[in-house]
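Everything below concerns the one structure shown next.
Per chain, numbering begins at 1; letters A, B, ... match sequence-line order.
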Number of protein chains: 2
Amino acid sequence: MGRRSLHTAEELRELIISASTELIQEAGLSGLSAREIARRINYSPGTLYNSFENLDDLVLTIEGRLLDRLIEALAAVPAGGDPRERVHALASCYLAFAARNPKLWNLLFEHHVPVAQGVPDSYQQKFEALMAIIEDALRPLAGARGDDDIKRSARVLWAGVHGISSLSAADKLSIIAADDAGALMDDLVRNYLNGFEAARSQAGS
Amino acid sequence: MGRRSLHTAEELRELIISASTELIQEAGLSGLSAREIARRINYSPGTLYNSFENLDDLVLTIEGRLLDRLIEALAAVPAGGDPRERVHALASCYLAFAARNPKLWNLLFEHHVPVAQGVPDSYQQKFEALMAIIEDALRPLAGARGDDDIKRSARVLWAGVHGISSLSAADKLSIIAADDAGALMDDLVRNYLNGFEAARSQAGS
DNA sequence: ACCTGAACACCGTTCAAGT
DNA sequence: ACCTGAACACCGTTCAAGT
């Protein structure tokens, strides 16, 4: 049939992205397929490849947007007030974000990009931006500690928070009941920060 | 052609399991396919379905064996000595286990079983056994705390340890360099235990 | 320039037919 | 009883052909 031009290139791109996002929300990464996307937007499968290099490229685009939304949500957590409370608030914001859309969130950890393709730089930058938010929240609690210590603690806390939310979202290992996740998160942050603050005057460890 | 009986049912089952495990080690879950397994063991694809219900059943079997091996490794960590050192030793044993075979390890978190099928009970039991090891290691540090506190802390620590090892294995988010994972793990355990021990005499939180 | 649809090389799973 | 191989309903991706 040839050209239709019902949509501009940008419109088509958005159409593909939103159909894919819905598909993932419904059925996870394994439920995503180029042919099913095409069916839903009423184009032929080949058309997708005008907008994206391949499915990995599409998925990476969706992941980028997801990270943007998370950064936005974390940035909206009010500053000021008790520094410890702020860390707790950031952690529960993260948990809530992941819980709001588990299948979409899982994408970030399920989806592996072929080594040849590689991850876009923008990706790494978004994670740096994320870490910067946590680092800033830790700084008031760091006492005489240097930036290296803060950086490390931000990563440790992030990993811990991620571990809890990932295990509570995992269907298989119901070690962490979903409704316990909040309590576990608070326990982690509280105990870790206790240790972090207690050691604030010491050099090295 | 019909029956061949080159292998007993058990032998065939093991053949399938080991070919699949190798395939996963090479190319991850997405590299696993019934047809490729069949090619490698020189049987037709249909034969797999005499030994396993479907691919999910096969993968769950592999995951079960993996958990058995982890429990074995953790159980071999020497008891006695400084209780805090023991927790550190368990954490690095876990990390080393995951790092030794990242793709196989990732299976546990990438592979989602359809809700209809459900996870075998043996699975849940293995996780309980895992948690019991960590709980036992925490008990000497728990002071007057009750079992609920110990249970919760075991889960929090496990989630944290899992978070670090999962992020360091993720190709995409190179927030945690693989060679830093050990240092982060030590930081987590040290600070968390500091908080855990400091609060030991307090009631509630 | 944009889009189609056939084509190619793959999947998981089932099941009649053969030994 | 055990195994095959064709069959069915799917994939991702490419690309000549059409408008």
Query - Atom pair NZ/CZ of K151(A) and R145(A) - distance to nearest 0.5 Å - result: 15.5 Å
Result block: side-chain N/O donor-acceptor pairs under 3.5 angstrom for residues 24-31 of chain B, not counting sequence neighbours:
{"from": "E26(B)", "atom 1": "OE1", "to": "R40(B)", "atom 2": "NH2", "distance (Å)": "3.0"}
{"from": "E26(B)", "atom 1": "OE2", "to": "R40(B)", "atom 2": "NH1", "distance (Å)": "3.3"}

Report task. Specify the separation, in whole Å, of atom CZ of R13(A) and atom P of dA1(C). Result -> 19 Å
Report summary line: The nucleotide from dC11(D), dG5(C), dT13(C) with an atom nearest the side chain of P45(B) is dT13(C)
Query raised in the report: Which parts of residues 17-37 of chain B get close to DNA chain C, meaning a heavy atom less than 4.0 angstrom away?
Result: L32(B), S33(B), A34(B), R35(B)
**Report entry** Heavy-atom side-chain proximity of S165(B) to V161(B) below 4.5 angstrom
**Finding:** no
Query raised in the report: L48(A) CG to dG5(C) P: how many Å, rounded?
Result: 14 Å
Query raised in the report: Just to confirm, is there a sub-4.0 Å distance from OP1 or OP2 of dC2(D) to any side-chain nitrogen or oxygen of T47(B)?
Result: no
Report summary line: Looking only at dG12(D), dC3(D), dC11(C), the nucleotide nearest the Y49(A) side chain is dG12(D)
Report summary line: Sorted by position of nearest nucleotide on DNA chain D, 5' first, the leading residue of G46(A) and R39(A) is R39(A)
Report summary line: Between CG of L15(A) and P of dC2(C) the distance, given in whole Å, is 16 Å
Query - dA17(D): pairing nucleotide in any strand, Watson-Crick or G-U under 3.5 angstrom - result: none
Report summary line: Any strand, both distances under 3.5 Å, Watson-Crick or G-U wobble: dC8(D) pairs with dG12(C)
**Report entry** Salt bridge D147(A)-R139(A), side-chain N to carboxylate O under 4.0 Å
**Finding:** yes
Query raised in the report: L55(A) CG to dC10(C) C1': how many Å, rounded?
Result: 14 Å
Query raised in the report: Can you tell if the side chain of R65(B) reaches within under 4.5 Å of the side chain of I62(B), non-hydrogen atoms only?
Result: no
**Report entry** Value in whole Å for how far the P atom of dT4(C) lies from CG of N50(A)
**Finding:** 9 Å
Query raised in the report: Rounded to whole angstroms, how far apart are CD1 on I16(A) and P on dC2(C)?
Result: 13 Å
Query raised in the report: Which part of the nucleic acid does L12(B) contact within heavy-atom distance under 4.0 Å: base, sugar-phosphate only, or nothing?
Result: sugar-phosphate
Requested in this report: Mind calculating the distance between CZ (F52(B)) and C1' (dG12(C)) to the nearest angstrom?
Outcome: 16 Å
Query raised in the report: For F196(B), is the NZ or CZ atom of R84(B) found under 6.0 angstrom from the centre of its six-membered ring and inside 45 degrees of the ring axis?
Result: no
Report task. Rounded to the nearest angstrom, tell me the gap between atom CG in N54(B) and atom P in dA9(D). Result -> 20 Å
Report summary line: Residue pairs meeting side-chain hydrogen bond (donor to acceptor under 3.5 Å, both in side chains), one or both in residues 85-106 of chain B, sequence neighbours left out, come to H88(B)-D186(B)
